[in-house]
Amino acid sequence: MQDERLFFFSKAMPKSNVGHSIASKYIDETYGKRCLFCDETNGVTKAHIVAGNRDVDYSVFCQPKYIDNLDVKSPRNYIPLCGTDGKNGTCYNEFDKFLMTLIYNPFQETFEVRCLRESFPKYELCHGRLINVDSKNPPYRRLLAWRTRKCIMEHQSMIRGEVEDWIQLCDFSEKSRSIAKSTETESNSKKSGLIIVRQKKISVS
């Protein structure tokens, strides 16, 4: 049986009808009107992680399952991306089509960009990129994890033999940040097959 949280990223999910002017201003001031994935500064728009609709019940993403409640109008539900829906070759379009995602990597204690389509013009620039986002209002990890699961469902053939790795990373990304510290006690000689660590790391202030 399909988990109900996947509904929020399906075509059946009602479109956004919640204003986000405060979040939009905050994101502009925090990220400098540039794409979080590729640093493009032209044509940058705010992409919601999950559509915000006042008629939808989001309690499945709230307490007690999670440590806090979900506010779809919060800056945490938006990320700045270049382009728009339908504009090929942009990060926004890839993200909207579930061909590109952002996931919290607890082993690196940062967020990681993952692309599914190797023919995407910005694949080499973006895929595997580690990003330190604003610590005050970081993107909702729970939403990104479930959005990434939707990517896996939609495009399993593109991930090839890494499907289980992606799913387990989604599971870990929703857990406490302490997971990175707990793994330090494991033997360094025992390399995990779950996550491919990439060393391209940038910082967003």
Side-chain angles (χ1 to χ4, degrees), residues 2 4-58 61 70-104 111-129 131 133-134 137-159 166 170 204:
Q2 181 172 292
E4 60 183 320
R5 283 167 288 189
L6 288 169
F7 160 78
F8 295 86
F9 306 99
S10 69
K11 293 180 180 179
M13 175 67 182
K15 293 184 178 180
S16 291
N17 62 8
V18 174
H20 60 278
S21 58
I22 296 178
S24 180
K25 180 181 179 181
Y26 179 88
I27 289 173
D28 284 346
E29 293 175 348
T30 303
Y31 298 107
K33 296 184 179 181
R34 62 188 173 114
C35 178
L36 186 63
F37 292 173
C38 72
D39 290 335
E40 175 65 57
T41 56
N42 295 319
V44 176
T45 53
K46 283 72 184 176
H48 54 246
I49 302 174
V50 68
N53 189 291
R54 64 178 62 93
D55 300 317
V56 173
D57 178 8
Y58 296 89
F61 286 114
L70 176 71
D71 178 6
V72 293
K73 300 186 296 298
S74 168
R76 299 184 65 193
N77 188 38
Y78 296 90
I79 55 176
L81 297 177
C82 63
T84 58
D85 178 22
K87 189 173 183 180
N88 293 330
T90 65
C91 294
Y92 189 110
N93 190 59
E94 292 291 295
F95 186 74
D96 188 68
K97 298 294 188 295
F98 298 98
L99 288 165
M100 194 174 194
T101 189
L102 183 68
I103 187 75
Y104 180 73
F111 288 83
E112 179 181 348
V113 180
R114 290 199 172 190
C115 305
L116 284 79
R117 190 166 64 94
E118 293 184 10
S119 60
F120 176 51
K122 299 181 180 181
Y123 180 88
E124 290 297 327
L125 173 64
C126 298
H127 184 61
R129 197 176 194 188
I131 301 176
V133 302
D134 172 47
N137 286 292
Y140 282 117
R141 285 187 283 164
R142 73 197 79 163
L143 296 182
L144 290 171
W146 283 94
R147 188 178 182 93
T148 300
R149 288 184 177 93
K150 177 65 175 178
C151 292
I152 298 169
M153 288 184 61
E154 292 283 317
H155 308 289
Q156 282 195 33
S157 61
M158 292 184 177
I159 308 175
W166 279 55
C170 289
V204 177

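The structure presented is a predicted model; accordingly, all values stated were derived computationally and were not measured.
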Checklist entry - Taking the six-membered ring for Trp, is the centroid-to-centroid distance between Y140 and F61 below 6.0 Å? => result no
Next on the checklist: With heavy-atom distances below 4.5 Å as the criterion, would you say the side chains of D39 and R129 are in contact?
Outcome noted: yes
Checklist entry - Which value, rounded to the nearest 0.5 Å, describes the distance between I131 atom CD1 and L36 atom CG? => result 4.0 Å
Next on the checklist: Could you go through F98 and H155, starting from their C-alpha distance and side-chain angles, then the distance that decides it, and tell me whether this counts as side chain to side chain contact (heavy atoms under 4.5 Å, CB included)?
Outcome noted: CA-CA 8 Å; F98 298 98; H155 308 289; 4.3 Å; yes
Checklist entry - Would you say E154 and L116 make side-chain contact, with heavy atoms under 4.5 Å? => result no
Item to check | Side chain to side chain, P75 and T30, heavy atoms closer than 4.5 Å | outcome: no
Item to check | Main-chain N/O of G52 paired with S16 side-chain donor or acceptor, under 3.5 Å | outcome: yes
Checklist entry - Side chain of R76, backbone of P138: donor and acceptor closer than 3.5 Å? => result yes
Item to check | T84 to N93 - nearest heavy-atom pair and separation | outcome: O-CB, 3.7 Å
Item to check | Side-chain touch C91/F120, heavy atoms, less than 4.5 angstrom | outcome: yes
Checklist entry - Mind checking what makes ring pair (Phe, Tyr, Trp, His ring centres under 6.0 Å) contact with Y26, not counting sequence neighbours? => result none
Checklist entry - Do T101 and W166 touch side chain to side chain, with heavy atoms closer than 4.5 Å? => result yes
Checklist outcome for this item: Smallest heavy-atom separation, T41 atom then R34 atom, equals CG2-CB, 3.9 Å
Item to check | Q2 side chain reached by M153 side chain, heavy atoms, under 4.5 Å | outcome: yes
Checklist entry - Any donor and acceptor pair, going by atom type alone, linking the side chain of S24 with main-chain N or O of S21 inside 3.5 Å? => result no
Next on the checklist: Could you report the tightest heavy-atom contact between K97 and G86, atom names first, then the distance?
Outcome noted: NZ-N, 4.0 Å
Checklist outcome for this item: Closest heavy-atom pair, Y78 versus A23, reported as atoms and distance to 0.1 Å, is CD1-CB, 4.0 Å
Checklist entry - Within the distance-only criterion (no hydrogens, no angle test), does the side chain of D28 pair as donor or acceptor with the backbone N or O of K33 below 3.5 angstrom? => result no
Next on the checklist: Can you confirm whether F37 sits close enough to I79 that some side-chain heavy atom of one is under 4.5 Å from a side-chain heavy atom of the other?
Outcome noted: yes
Checklist entry - Within a reach of under 6.0 Å around NZ of K150, are more than 12 heavy atoms found that belong to other residues, nucleotides or ligands? => result yes
Checklist outcome for this item: Of all heavy-atom pairs linking D57 and F8, the shortest is O-CZ, 3.4 Å
Checklist entry - What distance separates W146 CH2 from R141 CZ, expressed to the nearest 0.5 Å? => result 15.5 Å
Checklist entry - Is the side chain of N77 donor-acceptor paired with the backbone N or O of D71 at a distance under 3.5 Å, no angle test? => result no
Next on the checklist: Is it the case that atom CG in L6 sees more than 12 heavy atoms from other parts of the structure closer than 6.0 Å?
Outcome noted: yes
Item to check | Set of side-chain contact (heavy atoms from CB on, under 4.5 Å) partners for D55, sequence neighbours left out | outcome: N17, N53
Item to check | CA sep, side-chain torsions, deciding dist, call: V113, M100, side chain to side chain contact (heavy atoms under 4.5 Å, CB included) | outcome: CA-CA 7 Å; V113 180; M100 194 174 194; 3.9 Å; yes
Item to check | Nearest heavy-atom neighbours spanning C82 and K122 | outcome: SG-NZ, 3.2 Å
Next on the checklist: Within the structure provided, determine whether E94 and L81 are in side-chain contact (heavy-atom separation under 4.5 Å).
Outcome noted: no
